[in-house]
Number of protein chains: 2
Amino acid sequence: MLSVFYLYLFYMEKIYTIKDIAELAGVSKGTVDRVLHKRGKVSEDALKKVNEILDKIDYQPNLMARSLKKKQIYSICVLIPDSANDPYWQPCIDGINEAKKEFKSFNVKIEIFLFDATNTSSFVETNKNVLDTSPDAVLLVPLFHKEAIEAIEIYNSKGIISSIFNNQLKSSSIRSFVGQDLFQSGRIAARLLDLLIKKGTIAIIHIDEDYENAIHMQEKEKGFRDYFNNLGNTDFEIKTFKVKHPQFKSTLKEFLDENPAIEGLFVTTSKAYQVAKIIAKKPEKKIALIGYDLLENNLEYLNNKTIDFLIHQNPKRQAYLGATNLIEHFIFEKEISSEILLPIDIINTENAKDYFL
Amino acid sequence: MLSVFYLYLFYMEKIYTIKDIAELAGVSKGTVDRVLHKRGKVSEDALKKVNEILDKIDYQPNLMARSLKKKQIYSICVLIPDSANDPYWQPCIDGINEAKKEFKSFNVKIEIFLFDATNTSSFVETNKNVLDTSPDAVLLVPLFHKEAIEAIEIYNSKGIISSIFNNQLKSSSIRSFVGQDLFQSGRIAARLLDLLIKKGTIAIIHIDEDYENAIHMQEKEKGFRDYFNNLGNTDFEIKTFKVKHPQFKSTLKEFLDENPAIEGLFVTTSKAYQVAKIIAKKPEKKIALIGYDLLENNLEYLNNKTIDFLIHQNPKRQAYLGATNLIEHFIFEKEISSEILLPIDIINTENAKDYFL
DNA sequence: TGTTAAAATGTGCTCGAACACATTAAAAAT
DNA sequence: ATTTTTAATGTGTTCGAGCACATTTTAACA
């Protein structure tokens with residue numbers, strides 16, 4: 001019964017055009033256009049008549065017609081670390097290419113610029129190259145704090161929109177950040193270990209890279225400790241272990257030998273496989289291990305159950321959303337979301353392959 | 001150096017129009033149009049000339065212009081169970097509305113039809129109503145096997161595209177399915193329990209509803225058992241416990257009392273909270289509990305740690321992807337993906353809120 | 001060869017928004 | 001009162017694809 005009425009409304013929902021408004025207001029479409037775009041040269045009388053109509057109806061400009069007319073091509077440059085040095089970044093490139101493909105028939109050009117993640121000057125240089133193309137927006141991974149801020153300030157002064165993803169960075173010149181809540185991410189790891197083991201020592205392992213991971217690791221540790229602090233008195237002891245790459249193997253072995261009570265490990269970077277390699281050789285005792293990112297190496301140890309869980313930072317989706325946020329701003333005049341926080345995916349042996357979309 | 005060359009290519013990448021092709025081939029745009037749309041009435045000579053050009057260039061029709069011209073409004077009807085009876089379905093409605101909003105400026109009208117999940121004839125009736133609007137496509141949750149097949153056959157005979165989501169259903173008339181791999185979903189639950197407990201009895205609990213969950217539950221059980229079978233000889237014993245709603249409480253209590261060795265429970269439907277309510281009253285022993293879906297009730301018991309993990313079936317995204325798959329077919333002429341399997345999200349206390357996007 | 005039918009090709013308008021340009025009305029200056 | 005200036009309003013073209021219709025070319029037949 002009622003559905004007939006709704007059906008009626010459904011089909012009645014008129015889509016108004018500028019011409020419709022002009023006729024309703026008794027003016028020409030030129031005048032309506034001037035009102036809509038506040039171009040002036042409209043008498044008070046005409047302005048009132050048009051606004052009265054606009055108040056009454058819900059005018060939605062036809063975006064097809066608009067972007068057909070506006071021949072402007074928006075250009076977006078994306079700066080990502082070269083995946084040759086670190087496979088973590090490959091999904092980002094895939095994500096950008098997906099966005100590119102999806103919007104290929106629209107007036108946007110997206111270009112990827114790769115830089116060397118181990119080399120600050122490569123980052124600076126690449127930003128210079130990007131600037132030379134004078135794009136409308138830049139999406140970048142701000143690996144190098146100081147240099148990123150500098151680059152973003154320059155973009156901002158030239159009216160170029162900058163968005164970042166993967167790494168958080170505070171600056172009023174940044175229009176958008178896409179990433180994860182790292183504090184929460186640490187809490188998730190803590191909750192998982194809390195379920196896996198009941199007592200003993202847990203170590204937070206920071207494997208530092210050549211480039212800046214400090215903020216990442218600190219936030220994760222804070223969240224991790226926060227979880228156990230809020231638990232109240234438990235049978236857990238939590239230690240932090242920092243290590244740089246070269247002497248990594250021997251020092252970690254030492255650390256484990258010195259702390260026989262260790263029952264669980266939380267590796268705050270994507271290098272859990274390096275830890276797994278070591279503890280896999282100690283089959284006398286199963287140590288719970290949690291790490292980050294679906295790298296080949298990590299998956300290998302996940303599948304042989306040396307790693308219990310991996311936390312997925314979803315770099316592909318981060319890059320994709322960073323790009324589409326900008327694209328949709330340009331072609332659909334959407335607001336740019338200032339912060340997009342992705343869900344933090346928990347991965348085990350069985351759902352790992354699902355996340356390679 | 002090299003980048004200058006790429007830059008050049010980048011800006012040179014010409015976007016061809018039908019007019020361009022016509023000029024290049026030395027024919028009129030009408031002829032090009034006939035070739036592109038295989039409308040016939042083209043001489044072999046002209047066909048060859050146009051195809052030669054088309055082979056050389058990468059012609060991408062301007063979708064703005066196309067959808068501006070084609071005033072046809074595609075209509076898609078979506079059939080979802082009413083969330084008044086089962087809150088599981090509310091996110092589906094949200095997902096459809098999101099798709100609706102996203103594509104509101106395009107020539108698509110999406111209408112949601114709700115039916116009563118506990119009532120077969122409501123489903124049949126709603127399908128009749130949908131048929132009366134003669135839509136271009138139907139997206140439905142095929143809760144009732146036989147009736148769904150029948151409805152889909154009718155749609156097919158009228159040239160209406162049908163897609164399904166949430167429940168798998170085999171029929172050659174179905175163009176698309178969006179859902180999860182339920183077998184794998186069972187394996188994930190198994191892996192989680194394998195990590196939570198080392199030995200003892202594990203029960204698979206099927207809480208049957210009035211409507212058809214049978215295939216769902218069977219597949220999940222198969223996957224669950226498959227995981228443990230492949231583990232080889234373990235200290236686990238796996239039991240299955242089926243129960244219908246009315247006598248639920250007492251029979252489950254009985255079952256637990258009769259099986260004191262039970263260490264873990266896997267509830268194959270979204271009713272884990274009902275089990276949690278019972279075991280929460282037995283604090284003398286922590287029983288590991290895994291269930292499905294982020295319902296209010298489930299989250300409550302997840303947060304007080306009676307439920308250890310929930311598996312997220314992502315109904316919102318299922319509905320959203322089901323809709324966009326069809327929408328993009330109509331407006332961008334994309335191929336309809338015949339099967340979209342969503343990742344199976346593992347939820348604990350800490351990442352639960354992330355999944356309410 | 002001339003006439004007609006059929007096939008092939010080309011032309012021109014439309015969709016809605018944007019904007020340049022033409023036209024008209026009102027105000028200011030002579 | 002008439003011209004000039006300025007403000008206000010209207011008209012018409014463009015974007016690219018799609019399609020109806022007009023026109024031309026070729027084939028068929030008397």
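Owing to the predicted nature of the structure, the values given are computational and were not obtained by experimental measurement. Here is how names work: the chains are called A, B, and so on, in the same order as the sequence lines, proteins then strands, and each is numbered from 1.
Note: CD1 (B:Ile21) to P (D:dG18) measures 11 Å, nearest angstrom. As a whole-Å value, the separation of B:Lys69 NZ from D:dC15 P is 17 Å. B:Arg66 places its CZ atom 18 Å from the P atom of C:dG16, with the value rounded to the nearest Å. Atom-to-atom, CE of B:Met64 to P of C:dA17 comes out at 15 Å; the value is rounded to the nearest Å. Between B:Asp20 atom CG and D:dA17 atom P the separation is 8 Å, expressed in whole Å. If you measure from atom CD1 of B:Ile18 to atom C1' of D:dA17, you get 5 Å, rounded to the nearest angstrom. Between A:Asn107 atom CG and C:dA17 atom P there is a gap of 17 Å when expressed in whole angstrom units. Atom NZ of B:Lys49 is separated from atom P of C:dT9 by 8 Å (rounded to the nearest Å).
Nearest to the side chain of A:Lys29, among D:dT11, C:dT9, D:dG16, sits D:dT11.
Taking only distance into account, the side chain of B:Arg34 never meets the base of D:dG18 through a donor-acceptor pair shorter than 3.5 Å.
With DNA chain C read from its 5' end, the first of the two nearest nucleotides for A:Gln60 and B:Ala46 is the one closest to B:Ala46. Nearest-nucleotide positions on DNA chain C for B:Lys70 and B:Gly26 put B:Gly26 closer to the 5' end. Positionally, the nearest nucleotide of DNA chain D for A:Leu47 lies more toward the 5' end than for the other of A:Leu47 and B:Asn62.
A salt bridge between A:Arg66 and A:Glu333 is present, with a side-chain N of the basic residue lying under 4.0 Å from a carboxylate O of the acidic one.
Residue B:Tyr59 places at least one side-chain N or O closer than 4.0 Å to OP1 or OP2 of D:dA17. In this model, the phosphate group of D:dG10 is approached by a side-chain N or O of A:Thr31 to a distance below 4.0 Å at OP1 or OP2. A:His37 has no side-chain polar atom (N or O) that falls below the 4.0 Å cut-off from OP1 or OP2 of C:dC19. Between B:Thr17 and the phosphate of D:dG16, there is no side-chain N or O to OP1/OP2 separation shorter than 4.0 Å. At C:dT9, one or more side-chain N or O atoms of B:Ser43 fall inside 4.0 Å of OP1 or OP2 (strictly under the cut-off).
The aromatic ring centroids of A:Tyr16 and A:Tyr59 lie 6.0 Å or more from each other.
No donor-acceptor pair under 3.5 Å is formed between the side chain of A:Asp55 and the backbone N or O of A:Glu52.
Residue-level contact check: A:Leu68 touches the bases, meaning some heavy atom is under 4.0 Å from a base atom. Base contact: B:Asp33 has a heavy atom under 4.0 Å from a base atom. Looking at heavy-atom distances under 4.0 Å, B:Arg39 makes contact with sugar-phosphate atoms alone, never a base.
The side chain to side chain contact (heavy atoms under 4.5 Å, CB included) test with B:Ile152 singles out one residue from B:Asn127, B:Ile160, B:Val138, B:Ile174, and that residue is B:Ile174.
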(request) Applying side chain to side chain donor-acceptor pair (under 3.5 Å), run through A:Thr126 and A:Asn129 and close with a yes or a no. (result) CA-CA 5 Å; A:Thr126 312; A:Asn129 291 339; 5.3 Å; no
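A perpendicular orientation is assigned to the rings of A:Phe332 and A:Phe106, their planes being inclined by more than 60° (bins at 30° and 60°).
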